[in-house]
Amino acid sequence: MPGRLLSRVALITGAGSGIGLECSLLFAQEGAHVALVDVNEQAVQKTHKLIGERYPNVKSIPIKADVSKEESVKDMVEQTVTTFGRLDIMFNNAGIMHPEDDNALNTEERIWDLTMNINVKGVWWGCKYAILAMRKNPTDEGKGLHTGGSIINTASFVALMGAATPQLAYTASKGAVLAMTRELAMVHAREGIRVNAICPGPLKTPLLMDFLNTDEKKQRRLVHLPMGRFGEAIEVARGALFLASDDSSYVTGTDFLVDGGLSSCYVTPL
Ligand code: NAD
């Protein structure tokens, strides 16, 4: 069913890798024009090039921005609206999991602050400027376009479950994303702006695989996964597509789990 995002304008952060990369390609495949944002300029240029090769009818713009800086976020949303005339979908997906993030005793304040600045403040700025832009969307019923829009914030299964392999700052940051998402969903519901969180399980992306760099570390997690495997970025992108499209028109304020059943699991199958 291609064309689910026809004529929509989407901004995706963290578009240079993992979930953001797969989501950029999927949204483009579904007909959206896409603003591709990443702090890594080379990576985002690569995504832009791929979209140009695969989906020549889709317009995309690569933007280098750091989501933890308010001016940077304001500017990336302005660039998107100036180029495409509106913003319908905001995917606040960029995030970090720092290798020095540990338990309450060992985590340094600078790691806590860095993680919070990107994972929490970055989502706040993204929501703030997306809401301001979405409020101005002109109505065009003929094309199926409307005021309002869909905001998706990437949280994580660790916002809902404790892990004995701690990353305290990361876990706390994702809990904050969930709480913030619910409140924003309530505040802006009557403006036609839906705000949802997506909670991926552990995935085969650089973010996790760079960290789980030994077989032992991987096995420590794999035993707890009901499906016996890590997830793929494209499987989360498909969830984000649902939340971005009108298929989820009555869904807001939710914690949308794409975790292979992990958060429902007591004992895994043999
Ligand atoms: P990834 O490392 O593959 O990609 C993240 C992208 O974000 C990178 O391209 C990076 O350059 C960019 N980025 C980092 N800091 C940025 C900043 N300040 N401004 C702009 N861009 C920045 O990671 P991923 O696995 O695709 O993760 C995407 C999101 O999913 C993150 O929020 C992550 O916490 C979350 N998540 C991942 C997993 C997993 O297992 N991989 C599980 C749950 C949640």
Side-chain angles (χ1 to χ4, degrees), residues 11-26 35-48 50 62-77 90-99 101 113-126 129 152-161 163 165 167 169-178 180-181 197-213 217-218 221-222 224-225 229-237 239-240 255-260 262-263:
L11 189 159
I12 299 153
T13 70
S17 175
I19 298 171
L21 165 62
E22 291 299 335
C23 198
S24 302
L25 294 169
L26 185 61
L36 311 165
V37 173
D38 207 290
V39 74
N40 180 336
E41 191 167 14
Q42 261 189 334
V44 84
Q45 286 290 354
K46 245 174 146 174
T47 308
H48 174 60
L50 267 179
I63 302 173
K64 183 188 176 192
D66 178 347
V67 298
S68 68
K69 306 272 187 298
E70 183 173 9
E71 271 313 304
S72 203
V73 173
K74 184 170 183 260
D75 186 61
M76 79 193 189
V77 173
M90 178 72 161
F91 188 18
N92 293 306
N93 166 71
I96 61 157
M97 191 174 77
H98 202 283
D101 192 358
D113 289 345
L114 178 67
T115 304
M116 290 295 166
N117 283 343
I118 297 172
N119 292 11
V120 184
K121 222 192 245 184
V123 171
W124 170 29
W125 298 139
Y129 288 98
I152 306 150
N153 298 328
T154 305
S156 168
F157 71 99
V158 299
L160 301 162
M161 302 176 75
T165 48
Q167 291 159 301
Y170 182 80
T171 299
S173 76
K174 294 304 186 179
V177 170
L178 279 194
M180 178 163 52
T181 300
I198 195 158
C199 296
L203 307 177
K204 260 196 241 158
T205 68
L207 180 127
L208 188 64
M209 292 302 122
D210 289 352
F211 180 70
L212 303 185
N213 52 6
K217 283 191 197 167
K218 286 194 183 75
R221 276 92 181 158
L222 276 171
H224 297 289
L225 299 178
R229 66 170 177 89
F230 293 109
E232 301 288 344
I234 183 65
E235 294 177 302
V236 179
D255 310 339
F256 191 86
L257 280 150
V258 183
D259 70 347
L262 174 59
S263 57

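Just follow the structure's listing: the first ligand is 1, and inside any ligand the first atom is 1.
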Practice item. Evaluate whether atom CH2 of Trp124 has more than 12 neighbouring non-hydrogen atoms of other residues, nucleotides or ligands under 6.0 angstrom away. Key: no

Practice item. For the residue pair Leu21 and Leu50, establish whether any side-chain heavy-atom pair is separated by less than 4.5 Å. Key: yes

Check your understanding: Who gets closest to atom 36 (N) of ligand 1 by heavy atom: Tyr170, Phe157, Phe230?
Key -> Tyr170

Point to revise | Subset of ligand 1 atoms that lie under 4.0 Å from at least one heavy atom of Asp66 | key: 17 (C), 18 (N), 19 (N)

Exercise for review: With heavy atoms under 4.0 Å as the rule, classify the contact between Thr205 and ligand 1 as side chain, backbone, both or neither.
Suggested key: side chain

Point to revise | Sub-4.0 Å atoms of ligand 1 with respect to non-hydrogen atoms of Leu208 | key: 40 (O)

**Study point:** Side chain proximity check, Trp125 to Val67, heavy atoms < 4.5 angstrom
**Key:** no

Practice item. Would you please determine whether Ala155 falls within less than 4.0 Å of ligand 1 on a heavy-atom basis? Key: yes

Check your understanding: Short list, please: which atoms of ligand 1 are under 4.0 Å from a heavy atom of Ala65?
Key -> 19 (N), 20 (C)

Review point. Does any N or O atom in Gly14 lie less than 3.5 angstrom from one in ligand 1, N or O only?
Key: no

Review point. Would you say ligand 1 has an N or O under 3.5 Å from any N or O of Asn93?
Key: yes

Review point. So do the side chains of Arg221 and Thr165 get within less than 4.5 Å of each other, counting heavy atoms only?
Key: yes

Practice item. Could you list the atoms of ligand 1 found under 4.0 angstrom from a heavy atom of Ile96? Key: 14 (C), 15 (N)

Review point. Do other residues, nucleotides or ligands put more than 12 heavy atoms under 6.0 Å from Lys218 NZ?
Key: yes

Check your understanding: Under 3.5 Å, N or O to N or O, is Leu203 touching ligand 1 that way?
Key -> yes

Check your understanding: Of the listed options (Val39, Asn119, Ile19), which comes nearest to atom 13 (N) of ligand 1 when hydrogens are ignored and any heavy atom counts?
Key -> Val39

Study note, to complete from the structure: A student checking ligand 1 against Gly95 at a 4.0 Å heavy-atom cut-off should list atoms 31 (C), 32 (O)

Check your understanding: Taking all atoms of both residues into account, what is the closest heavy-atom pair of Ala197 and Ala155, and its distance?
Key -> CB-CB, 4.5 Å

Review point. What do you reckon, does Pro202 have a nitrogen or oxygen under 3.5 Å from a nitrogen or oxygen of ligand 1?
Key: no

Point to revise | Validation row: Pro202, Leu262 side chains within 4.5 angstrom (heavy atoms) | key: yes

Point to revise | Polar contact flag for Thr154 and ligand 1 (N/O pairs, less than 3.5 Å) | key: no

Check your understanding: Side chains of Met180 and Asn153: does their closest heavy-atom pair fall under 4.5 Å?
Key -> no

Practice item. Look at the side chain of Thr13 and the backbone N and O of Asn93, then say whether any donor-acceptor pair between them is shorter than 3.5 Å. Key: yes

Practice item. For residues Glu70 and Tyr129, determine if any side-chain heavy atom of one lies less than 4.5 Å from a side-chain heavy atom of the other. Key: yes

Exercise for review: Check each heavy atom of Lys174 against ligand 1 and say whether those closer than 4.0 Å belong to the side chain, the backbone, both or neither.
Suggested key: side chain

**Study point:** Of the listed options Ala43, Gly201, Gly18, Ser17, closest to atom 42 (C) of ligand 1 (non-hydrogen atoms)
**Key:** Gly201

